[in-house]
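A short worksheet on the structure shown next.
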Amino acid sequence: MFHGPAHDALRRQGDCEPSGATRPRFKDNPALYAMSRMTSSNASQDLRTHLAGLFDAALSVVAPDARATPVVLDRPKNSAHGDYACNLAMQLARVLGKNPRQIAQQILDQMPDSPWVSKVEIAGAGFLNIFLTPAARHDAVRRVFSTGTAYGKGSFGQGKKVQVEFVSANPTGPLHVGHGRGAAYGDSLAAVLEAAGYTVTREYYINDAGRQMDILSVSAWVRYLEACGESVPFPPNGYQGDYVRDRANELKAIDGTRYVRPVAQILDGLPEARDDDEPAVEARMDALIERTRSLLGEDFGHLTRYVLDRQVEGIRDVLNRFGVRFDMWYSERSLYDSGRVAEALALLDERGHLYVQDGARWFRSTAFGDDKDRVVQRENGLYTYFASDIAYHHDKIQRGFELTVDVWGADHHGYIPRVKAALQAMGHNPESLIVPLIQLVALFRGGEPVRMGKRSGSYVTLEDLLDDVGVDATRYFYIARKCDQHLDFDLDLAKSQSNDNPVYYIQYAHARVSSVLEQWGGDRASLPAADLAPLEAPPERQLLQRLIDYPDVIEQAARDLAPHALAFFLRDVAADFHSYYNSTHFLVPEEDVKLARLALITAVQQVLRNGLSLLGVGAPDKM
RNA sequence: GUGCCCGUAGCUCAAUCGGAUAGAGCACCGGCCUUCUAAGCCGGGGGUUGCAGGUUCGAUCCCUGCCGGGCGCGCCA
């Protein structure tokens, strides 16, 4: 049931080391990969399945014992090597102990004829190169027209429930450019997974519990008191950003002086702390949090909820503008309120994976490959962040997700082994969690890095970036890079409305097709019926093959969790189109030639539009 | 110190399960607008894939060891 690669993966991961930080790919996930290898229903798979069938037929005659050998079809880089290449003979050479070229000849002799194959050649060390007939390529246009916006969708994912959790930034401040990359990646990944046949839930985990949230509340409260004319020194480790003043002013506008308390009561007895004495500053903050809580009483909850809601609202607004929408906003606090944290820990305890030491409760994560055991409940009784995360991931699985994807910043990679350990300790499959890591983003302006300091509040927000660069270019620049590569974001290039900017290159191809069709002025509904026989020239063949490849690209991008592959593909399609445009006039007098060419470029436009849509980039008709 | 990620053309990056002659864009040089949008096209130079071994028909890809850069290693989140 497992094919070779999956079997290798199974062996490789059998001992379940904390290997989560490696670049995640479905092929490393045996269960998912093995099943996916057996499906074939997207448009191009019809062709691939057909071709593979020809080889299977030959294989069962030539080497019946090796019938299970998977038939792999590559797309050769060199067109002289045909449209598809098969290395079956070379694979068999080892097993049969015969010369690959000799085996290739035997396979070739036994392959059935096909209306889609013009010839098969033996080349190189024993490759079998397949050359398609025009009919095989023309069929792709028909499929694009018949499926339209659905062209490219496949069933690789078999409807499996997948959750993609991404961004999940603390609501204690606005999103910055690093979050933007995670947002673009996560959203495009989710879209690609959907297109590949998964049932996807996009989720944002709100860290609305814990000390950071308290610090935000206190920061807002102090600013509020300032706004009300009370003078309370602002804590040096509070949140300094202007947005905190905004929240404070809003509170004053809505609730008036409801949260005002006598300054003397606030400051009385608070521990002293010099700004440069960090432990003292933190201790003072803890005291201030406690003081705020006791002085405000029930009002503390009101204030916190207001500030939190507004912060989350702000984040949601920016993400909406960025084209990113979530199906679920999951509250960390709700994990506590519903008792899920206690439940998850009880489960671990039942299974004997918790112990008490130095007054704290520990999870024995070393039993599952982690470097050291982890505290889940502190000596002071408070749960750690890890505790709620255990509960959260337990809950994800209970909600029926067969696969959960956590998109994290690369600086969190050390956290992966302990979460996987927790999953395993609770009796779940740790491989159901895949964690793509997003590397850092560095902004460049005028060839110089843009300096950002979180302390000083001088960092560039995602909103700034959208104001500056625009949604389409921002999304494209974020996504046109493997996620595990550092990203140098060239602001000048992204902003430039010039031929240097790759995002416009693709959009321009799309707009050009619209322009030609506009110029033509005919009935587009007539194009699907066009006779494609005139499409024989090399650039036409090239574009037809792009149409065929598109569904494969989607599947590949899904399998590798690599939406950047789609970005590169679309650029290549645009390049082929521009080349065709310059070499060939479409609106020629010969009606049959004209209709065939218009049908082709309309199909190309559909693929561009479908692909750009998955990336969250617009497909304009005019530029 | 230890764990993870990365190292490909001058720069920014690709490379389809380990496949055939490692590809684009930018920059540089030279051409193409009387013709569907020149935000475009065509051509040219540019490489010991960080280094050294190993695995095999075949390695940018897998393994080992070095070199260089980044990140992590809390009863923080």
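Naming convention: chains lettered A, B, ... in sequence-line order (proteins, then strands); numbering from 1 in each chain.
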- First encountered from the 5' end of RNA chain B, between A:D621 and A:R481: A:R481

- Task: Using the P atoms only, state how far B:G47 lies from B:C11, rounded to an integer number of Å.
- Result: 13 Å

- Message: Under 4.0 Å, counting only non-hydrogen atoms across every strand here, what does A:N87 touch: a base, just sugar-phosphate, or nothing?
- Response: base

- Do A:R512's NZ or CZ and the ring of A:Y581 fall within the cation-pi criteria of under 6.0 Å and 45°? yes

- Message: Less than 4.0 angstrom between a side-chain N/O of A:H564 and OP1 or OP2 of B:A15, yes or no?
- Response: yes

- Decide whether A:D406 and A:H393 meet the rule of one side-chain donor and one side-chain acceptor closer than 3.5 Å. yes

- Message: More than 12 heavy atoms of other residues, nucleotides or ligands under 6.0 Å from CD of A:Q102: yes or no?
- Response: yes

- Message: Classify A:F386 by what it touches in the nucleic acid, base, sugar-phosphate, or nothing, heavy-atom distance under 4.0 Å.
- Response: nothing

- Query: Are side-chain N/O atoms of A:Q542 and A:D576 paired as donor and acceptor at under 3.5 Å?
  - Reply: yes

- Task: When you get a sec, tell me which of B:C36, B:U12, B:U16 is the closest nucleotide to the side chain of A:R75?
- Result: B:U16

- Message: Taking 4.0 Å as the cut-off, does a side-chain nitrogen or oxygen of A:R378 come that near to OP1 or OP2 on B:C76?
- Response: yes

- Message: If I pick the P atom on B:A52 and the same atom on B:C33, what distance separates them, to the nearest angstrom?
- Response: 49 Å

- For B:A20, take OP1 and OP2 only and decide whether either is under 4.0 Å from a side-chain N or O of A:K77. yes

- Query: Can you find a side chain N or O atom of A:S579 that sits less than 4.0 Å from OP1 or OP2 on B:G40?
  - Reply: no

- Between B:C28 and B:C61, how far apart are the C1' atoms? Round to whole Å, please. 32 Å

- Task: Could you check how far NZ of A:K420 sits from P of B:G3, rounded to whole Å?
- Result: 20 Å

- Message: Measuring only between side-chain heavy atoms, which start at C-beta, is A:L132 closer than 4.5 Å to A:Y84?
- Response: yes

- Task: Could you tell me whether the phosphate oxygens of B:C41, OP1 or OP2, come under 4.0 Å of any side-chain nitrogen or oxygen in A:Y505?
- Result: yes

- Task: Using the C1' atom on both, measure B:C63 against B:G44 and round to a whole Å.
- Result: 41 Å

- Item | Nearest-Å distance for atom pair CG/C1', residues A:D411 and B:C6 | 16 Å

- Message: Are A:H353 and A:F368 packed together at the side-chain level, in the sense that at least one heavy-atom pair is separated by less than 4.5 angstrom?
- Response: yes

- Task: Would you mind classifying the nucleic acid contact of A:A85 as base, sugar-phosphate or nothing, using non-hydrogen atoms under 4.0 angstrom?
- Result: base

- Query: Are the ring of A:H486 and the base ring of B:G70 both nearer than 5.5 Å at their centres and tilted by less than 30°?
  - Reply: no

- Using the C1' atom as the reference point in each nucleotide, state the distance between B:C51 and B:U8 in Å, no decimals. 15 Å

- Item | Contact under 4.0 Å: A:Q485 side-chain N or O vs B:G7 OP1/OP2 | yes

- Task: Describe the nucleic acid contact of A:D572 in one word from base, sugar-phosphate, nothing, applying a heavy-atom distance below 4.0 Å.
- Result: nothing

- Distance, P atom - from B:G70 to B:C75, rounded to whole angstrom: 27 Å

- Message: Between P on B:C5 and NZ on A:K482, what's the gap in Å once rounded to a whole number?
- Response: 13 Å

- Message: For B:C33, does the O4'-C1'-N9-C4 or O4'-C1'-N1-C2 angle fall within 90° of 0, making it syn, or is it anti?
- Response: syn

- Below 4.0 Å: OP1/OP2 of B:G74 and any side-chain N or O of A:K372: yes

- Message: Can you check the distance between B:U56 and B:G40, where both ends of the measurement are the C1' atom (answer in whole Å)?
- Response: 46 Å

- Scan side-chain atoms only and decide if A:Q91 and A:T69 contain a donor-acceptor pair under the 3.5 Å cut-off. no

- Message: If the cut-off is 4.0 Å, is A:Y415 near the phosphate of B:A77, judged by side-chain N/O to OP1 or OP2?
- Response: no

- Query: Is there aromatic stacking of A:H585 against B:C36, centre distance under 5.5 Å, plane angle under 30°?
  - Reply: yes

- Task: Could you tell me whether A:H81 contacts a base, only the sugar-phosphate backbone, or nothing, with contacts defined as non-hydrogen atoms closer than 4.0 Å?
- Result: base

- ring centroid sep under 5.5 Å plus plane angle under 30, A:F127 with B:A20: yes

- Task: Take A:V435 and A:Y415 through the test side chain to side chain contact (heavy atoms under 4.5 Å, CB included) and record every step on the way to the result.
- Result: CA-CA 10 Å; A:V435 186; A:Y415 200 75; over 6 Å; no

- Note on the structure: Assert: residue with more 5' nearest nucleotide on RNA chain B, out of A:N582 and A:V516, is A:V516

- Task: Specify the separation, in whole Å, of atom CD1 of A:I416 and atom P of B:C5.
- Result: 10 Å

- Here the helical stems involving RNA chain B, each at least 3 consecutive Watson-Crick or G-U pairs closer than 3.5 Å, sorted by first residue number, are B:1-7 with B:67-73, B:10-13 with B:23-26, B:28-32 with B:40-44, B:50-54 with B:62-66

- Message: Less than 4.0 angstrom between a side-chain N/O of A:R512 and OP1 or OP2 of B:A38, yes or no?
- Response: yes

- For A:E379, which contact category applies under a 4.0 Å heavy-atom criterion: base, sugar-phosphate, or nothing? base

- Item | Distance, C1' atom - from B:U34 to B:G25, rounded to whole angstrom | 32 Å

N/O to N/O distances under 3.5 Å, protein versus nucleotides 54-57 of chain B:
from	atom 1	to	atom 2	distance (Å)
B:C57	N4	A:R94	NH2	3.4

